[in-house]
Q: 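Quick one: the structure is below, questions incoming.
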Amino acid sequence: MIRRASQLFLPTLREAPADAEAISHKLLVRGAFIRQVSAGVWTFLPLGWRVHEKVVQIIREEMDAIGAQEMLMPVLTPAELWRATGRYEIPEVFKLRDRNEREFVLPMTHEETITFHAREIQSYRDLPQMLYHFQTKERDEPRPRAGLIRVREFIMKDSYSYDRDEEGLDRSFQLHKGAYDRIFERCELEVYAVQAESGMMGGSASMDFLAPGDGSNTLVTCERGDYAADLEVARGIPRVPEFPASLDAPEEVATPGVATIEAVAELLDVDDAATSKAMPVVADGRVVLGLVRGDDRLDEVKMVEALGEAFRPATEDEIREAFGADPGSIGPVGVAVEVVADEALREGQFVAGANKSGHHLRGVQAGRDFEARFANIREVREGDTCPNCGGKLRLQAAIEVGHIFKLETRYTKPLGATFLDEDGKEKLLVMGSYGIGPARTMAAIVEQHHDEDGIRWPRSVAPYDVHLVVLPGLEERADEVAAKLDDAGDAVLLDDRDQRAGEKFADADLIGLPVRVTVGKKTLEDGAVDIRARETGTEERVAIEDLGSLR
RNA sequence: CGGGGUGUAGCUCAGUCUGGUUAGAGUGCUGCGUUUGGGACGCAGAAGUCGCCGGUUCGAAUCCGGCCACCCCGACCA
């Protein structure tokens with residue numbers, strides 16, 4: 001196909017909008033791929049929609065390849081389905097009423113609706129089933145940001161599997177994992193599949209697909225490539241502290257006015273990694289002491305996991321009541337509250353608060369001086385060592401481009417989706433759900449494929465194959481070149497606008513098609529064109545008569 | 001929801017503190033001419049309810065009050 005730029009709605013911008021921060025946000029807006037309508041609500045302009053649909057088609061092909069069936073479910077959803085699964089109360093759910101006050105949901109995923117249909121599955125003979133659709137999702141996001149990375153409305157490919165049992169679910173899960181790997185590979189996106197939190201989806205296990213880039217997740221990877229995890233569940237091995245000489249029993253030392261770890265470590269002349277930090281919290285009305293090493297931070301997500309429930313920091317009054325001391329002087333020794341200690345504190349003797357204002361204890365040892373439940377509650381830090389190989393761990397921002405869940409019977413139970421198994425017994429369908437965001441994928445690709453001049457689209461998702469730049473007076477030769485490329489099957493963007501060469505080249509760099517062909521006055525002399533690769537900037541001269549597909 | 005910031009031409013911004021001709025610049029846009037392989041130049045021109053509502057004042061983009069929108073940080077979250 002041949003598309004003339006002079007007839008396209010292609011309002012490229014010389015400058016990025018003032019409020020853009022992320023690179024993908026700036027370049028996609030400048031290149032006329034997208035425009036913002038409202039906070040977190042975006043229009044795909046013609047060029048951007050072509051990219052989106054390229055990504056969609058790749059996803060579609062890989063989903064079909066694992067035997068999934070495409071369908072389409074509505075956005076408007078009766079609230080009763082969401083009430084049944086208990087998700088109606090989630091604050092991020094968009095809710096509305098019709099003229100008769102009937103309640104509806106604009107869903108963020110379609111578990112309820114698909115399971116409504118799955119009730120038509122009657123027999124084990126009809127299993128397994130894998131169904132998917134591409135549909136608009138709504139999310140009352142508290143803080144949209146960064147262009148396409150965090151939005152309130154977006155199109156998602158979500159698929160759902162139903163199996164007889166755990167084994168079948170595992171098979172469906174692995175099929176999706178494989179399909180996702182192939183999808184991101186075809187998009188030339190560097191992605192790490194990591195174990196993740198299931199959040200509001202529920203279920204037993206989930207895997208996140210994180211693409212390094214300006215996103216809201218933090219990816220932890222080992223320099224040797226054998227470990228990758230989301231920061232919220234990552235395990236790292238902290239450095240070994242320099243312990244002072246061991247003591248037979250804790251020894252109280254006066255630390256007047258000293259409340260921070262740095263100050264304690266300096267006053268007592270010990271490694272801050274040989275101290276402990278007490279983080280008193282209140283969960284379900286009771287005080288619990290979270291204990292991490294002095295140089296570590298308490299990871300709130302892991303703490304919730306360890307406690308099995310949400311918590312909040314204790315107030316100063318609650319601290320004084322439970323520990324009988326000021327917040328800067330509390331510790332695990334001789335207290336009545338439950339102590340949840342980080343694994344890093346299992347071995348060795350540490351400095352801890354004495355539960356006596358202005359005093360600390362040296363030589364405090366877990367098991368001997370206090371009892372604690374050990375858990376992984378520290379936040380992984382840059383420079384920790386890898387739990388697999390001892391290599392250095394690295395932290396980087398990443399975009400979550402896909403997330404797959406083993407939901408088990410989380411939705412089939414409340415919605416009563418059952419089947420009759422071979423043994424004649426009625427059983428609950430075992431379910432999985434698998435999401436991927438084409439727009440986020442698109443943004444992540446830009447994060448990973450760009451330079452100072454603009455985007456460098458991978459061939460697989462580029463909106464057109466060839467950017468054909470025509471310089472004045474060469475219109476007919478350009479038409480000839482375009483026709484030739486079109487015959488060879490390439491999609492051609494023909495820049496026939498009445499602009500200067502410099503502007504056309506700058507726009508070509510910004511828009512970022514993989515190949516640029518220039519028809520200029522030199523062509524009149526030798527009948528050849530310049531072919532330039534966007535990725536490498538290398539240029540070669542090829543006679544028009546020798547031109548074939550440049551894909 | 002808490003903290004901070006910004007709303008003036010399509011875009012990027014000055015002007016607001018210290019109220020006072022007809023509200024400005026760059027870029028973009030229109031026309032004419034010269035140019036034409038990396039965002040050219042000249043001339044002429046179009047374009048703004050100064051976010052909205054109210055108040056103070058002889059007079060408000062500017063001061064006061066309220067509201068709205070957008071951005072950033074945090075909380076939350078995929």
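Chain A is the first sequence line, chain B the second, and so forth, proteins listed ahead of strands; every chain is numbered from 1.
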Q: Taking 4.0 Å as the cut-off, does a side-chain nitrogen or oxygen of A:Ser216 come that near to OP1 or OP2 on B:C77?
A: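 Negative; the distance criterion is not met.
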Q: How far, in whole Å, is B:G15 from B:G38 if one measures between their C1' atoms?
A: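 B:G38 and B:G15 have their C1' atoms separated by 36 Å.
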Q: From the options B:G38, B:G37, B:G39, select the nucleotide whose nearest atom is closest to the side chain of A:Arg14.
A: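 Nearest to the side chain of A:Arg14 among the choices is B:G39.
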Q: Closest to the A:Gln499 side chain: B:G38, B:U36, B:C29?
A: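 Nearest listed nucleotide: B:C29.
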Q: Give me the distance, rounded to whole Å, that separates B:A44 from B:G4 when you measure between the P atoms they each carry.
A: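 Pairwise P distance, B:A44 against B:G4, rounds to 49 Å.
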Q: Counting side-chain heavy atoms from CB outward, which of B:U12, B:U36, B:C71 is closest to A:Ala39?
A: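 When the side chain of A:Ala39 is considered, B:C71 is the closest of B:U12, B:U36, B:C71.
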Q: Under a 3.5 Å limit for both distances, which nucleotide forms a Watson-Crick or G-U wobble pair with B:A75, could you say?
A: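 B:A75 is unpaired by these criteria.
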Q: Using purine N1 to pyrimidine N3 plus N6-O4 or O6-N4 for Watson-Crick, or N1-O2 and O6-N3 for G-U wobble, both under 3.5 Å, which nucleotide pairs with B:U16?
A: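 Base-paired to nothing in any strand shown.
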Q: Once you round it to whole Å, what is the distance between C1' of B:A9 and CG of A:Leu13?
A: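 So the CG-C1' distance, A:Leu13 to B:A9, works out to 15 Å.
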Q: Among the nucleotides B:C76, B:G37, B:C70, which one has an atom lying closest to any side-chain atom of A:Ser38?
A: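 When the side chain of A:Ser38 is considered, B:C70 is the closest of B:C76, B:G37, B:C70.
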Q: Heavy atoms from C-beta onward define the side chain here; which of B:G39, B:C77, B:G38 lies closest to that of A:Asp507?
A: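 Within the option list, the nearest is B:G39.
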Q: Distance check needed: B:C11 C1' versus A:Leu27 CG, whole Å only.
A: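 Those two atoms, CG and C1', are 16 Å apart.
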Q: Hydrogens and angles aside, do A:Tyr160 and A:Thr115 bring a side-chain donor and acceptor to less than 3.5 Å of each other?
A: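 Their side chains do not contain a donor-acceptor pair, so the 3.5 Å distance test is not met.
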Q: Counting N and O atoms only, with roles assigned by atom type, does the side chain of A:Asp490 sit under 3.5 Å from a partner on the main chain of A:Val492, one being a donor and the other an acceptor?
A: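 Checked: no pair found.
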Q: Considering only atom P, compute the distance from B:C41 to B:U36 and round it to an integer number of Å.
A: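 To the nearest whole Å, 14 Å.
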Q: Validate the cation-pi geometry between A:Lys406 and A:Phe173: distance from NZ or CZ to the six-membered ring centre under 6.0 Å, angle to the ring axis within 45°.
A: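 That pair qualifies as a cation-pi contact.
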Q: On RNA chain B, does the nearest nucleotide to A:Gln36 precede the nearest nucleotide to A:Ala18 from the 5' side, or the other way round? Give the residue.
A: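 Comparing both residues, the 5'-ward one is A:Ala18.
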Q: Name the closest nucleotide to the A:Pro17 side chain, picking from B:C76, B:U12, B:G37.
A: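 Of all the options, the side chain of A:Pro17 is nearest to B:U12.
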Q: Figure out the CD1/C1' separation between A:Ile149 and B:C77, and round it to whole Å.
A: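 So the two atoms are 15 Å apart, to the nearest Å.
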Q: Check for me whether A:Arg50 meets the cation-pi criterion with A:Tyr464, that is, NZ or CZ under 6.0 Å from the six-membered ring centre and within 45 degrees of the ring axis.
A: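 Yes, a cation-pi geometry.
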Q: Please classify the nucleic acid contact of A:Lys522 as base, sugar-phosphate, or nothing, using heavy-atom distances under 4.0 Å.
A: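 Result for A:Lys522 = base.
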Q: Regarding A:Ala16, tell me which of base, sugar-phosphate or nothing describes its non-hydrogen contacts under 4.0 Å with the strands shown.
A: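 The answer is sugar-phosphate, as A:Ala16 gets under 4.0 Å only of primed atoms, P, OP1 or OP2.
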Q: Write down the partner of B:A61 under the Watson-Crick or G-U wobble criteria, each distance required to be under 3.5 Å.
A: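 Because no pair has both required distances under 3.5 Å, B:A61 counts as unpaired.
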Q: Using both distances under 3.5 Å as the test, list the Watson-Crick or G-U wobble partner of B:C70, or none.
A: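 Pairing partner: B:G5.
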Q: What's A:Arg35 touching, base or sugar-phosphate or nothing? Going by heavy atoms closer than 4.0 Å.
A: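 Nothing: the residue A:Arg35, judged by heavy atoms under 4.0 Å, touches no strand.
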Q: Measure CZ/A:Arg152 against P/B:C76 and give the value in whole Å, please.
A: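 Distance check: A:Arg152 CZ to B:C76 P gives 19 Å.
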Q: Considering only atom P, compute the distance from B:U6 to B:U16 and round it to an integer number of Å.
A: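 Nearest-Å result for B:U6 against B:U16 at atom P: 14 Å.
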Q: Provide the distance between the two C1' atoms, one in B:G55 and one in B:U62, to the nearest whole Å.
A: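 The same atom, C1', in both gives a distance of 15 Å.
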Q: Checking A:Arg139 against A:Phe94: charged group under 6.0 Å from the ring centre and within 45 degrees of the axis?
A: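 Checked: cation-pi criterion not met.
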Q: Verify the ring-centre separation between A:Trp457 and A:Phe33: is it less than 6.0 angstrom?
A: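 Centroid distance A:Phe33-A:Trp457: below 6.0 Å, so yes.
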Q: A:Glu539 CD to B:G37 P: how many Å, rounded?
A: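 Distance check: A:Glu539 CD to B:G37 P gives 14 Å.
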Q: Do A:Arg500 and B:U35 share a donor-acceptor pair, side chain to base, under 3.5 Å?
A: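 Such a pair exists between side chain and base.
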Q: Determine the contact category for A:Val151: base if any of its heavy atoms lies under 4.0 Å from a base atom, sugar-phosphate if only primed atoms, P, OP1 or OP2 are that close, otherwise nothing.
A: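 A:Val151: base contact, heavy atoms under 4.0 Å.
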Q: Could you let me know what B:U35 is paired to, Watson-Crick or G-U wobble, both distances under 3.5 Å, or none if it's on its own?
A: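 Partner of B:U35: none.
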Q: When the C1' atoms of B:G26 and B:U8 are considered, how many whole Å apart are they?
A: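 15 Å, rounded to whole Å.
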Q: Output the rounded distance in Å from CD (A:Glu15) to P (B:A9).
A: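 Between P of B:A9 and CD of A:Glu15: 14 Å.
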Q: Rounded to whole angstrom units, what separation is found between the CG atom of A:Leu474 and the P atom of B:G37?
A: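 Interatomic distance, CG of A:Leu474 to P of B:G37: 11 Å.
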Q: Distance check, P atoms only: B:A46 and B:G7, in whole angstrom units.
A: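 Result for the P pair: 28 Å, nearest Å.
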Q: Does A:Glu379 come within less than 4.0 Å of A:Lys302, counting only side-chain N to carboxylate O?
A: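 So A:Glu379 does not pair with A:Lys302 through a salt bridge.
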Q: From C-beta outward on A:Thr523, which listed nucleotide comes closest to its side chain: B:G37, B:C77, B:C11?
A: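 It is B:G37.
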Q: Just how far is it from atom CZ of A:Arg182 to atom CE of A:Met63, taken to the nearest 0.5 Å?
A: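 Spacing of CZ (A:Arg182) from CE (A:Met63) equals 10.0 Å.
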Q: Indicate, with a heavy-atom threshold strictly under 4.0 Å, whether A:Leu471 touches base, sugar-phosphate, or nothing.
A: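 It contacts base atoms.
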Q: Quick one: label A:Ala506 by what it contacts on the DNA or RNA (base, sugar-phosphate, nothing), any heavy atom closer than 4.0 Å.
A: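 Counting heavy atoms under 4.0 Å across all strands, the contact made by A:Ala506 includes a base.
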Q: Starting at the 5' end of RNA chain B and moving along, which residue's nearest nucleotide shows up first, A:Arg143 or A:Thr12?
A: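 Mapping each residue to its closest nucleotide by heavy atoms, the 5'-most match is A:Thr12.
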Q: Establish whether the base of B:G39 is bridged to the side chain of A:Arg497 by a donor-acceptor pair shorter than 3.5 Å.
A: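 Absent.
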Q: Can you tell me how far C1' of B:G39 sits from CG of A:Asp498, to the nearest Å?
A: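 These atoms are roughly 14 Å apart.
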Q: So which nucleotide does B:U21 pair with, by the Watson-Crick or G-U wobble rule with both distances under 3.5 Å?
A: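 With both distances under 3.5 Å required, B:U21 matches none.
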Q: How is A:Arg532 classified with respect to the nucleic acid when contacts are heavy atoms under 4.0 Å: base, sugar-phosphate, or nothing?
A: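 Base, at least one base atom sits under 4.0 Å.
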Q: Using the C1' atom in both, what is the distance from B:U30 to B:A9, to the nearest Å?
A: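 Their C1' atoms lie roughly 15 Å apart.
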Q: Which residue, A:Glu53, A:Glu61, A:Lys54, forms the side-chain hydrogen bond (donor to acceptor under 3.5 Å, both in side chains) with A:Gln57?
A: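 Considering A:Glu53, A:Glu61, A:Lys54, a side-chain hydrogen bond (donor to acceptor under 3.5 Å, both in side chains) with A:Gln57 is found only for A:Glu61.
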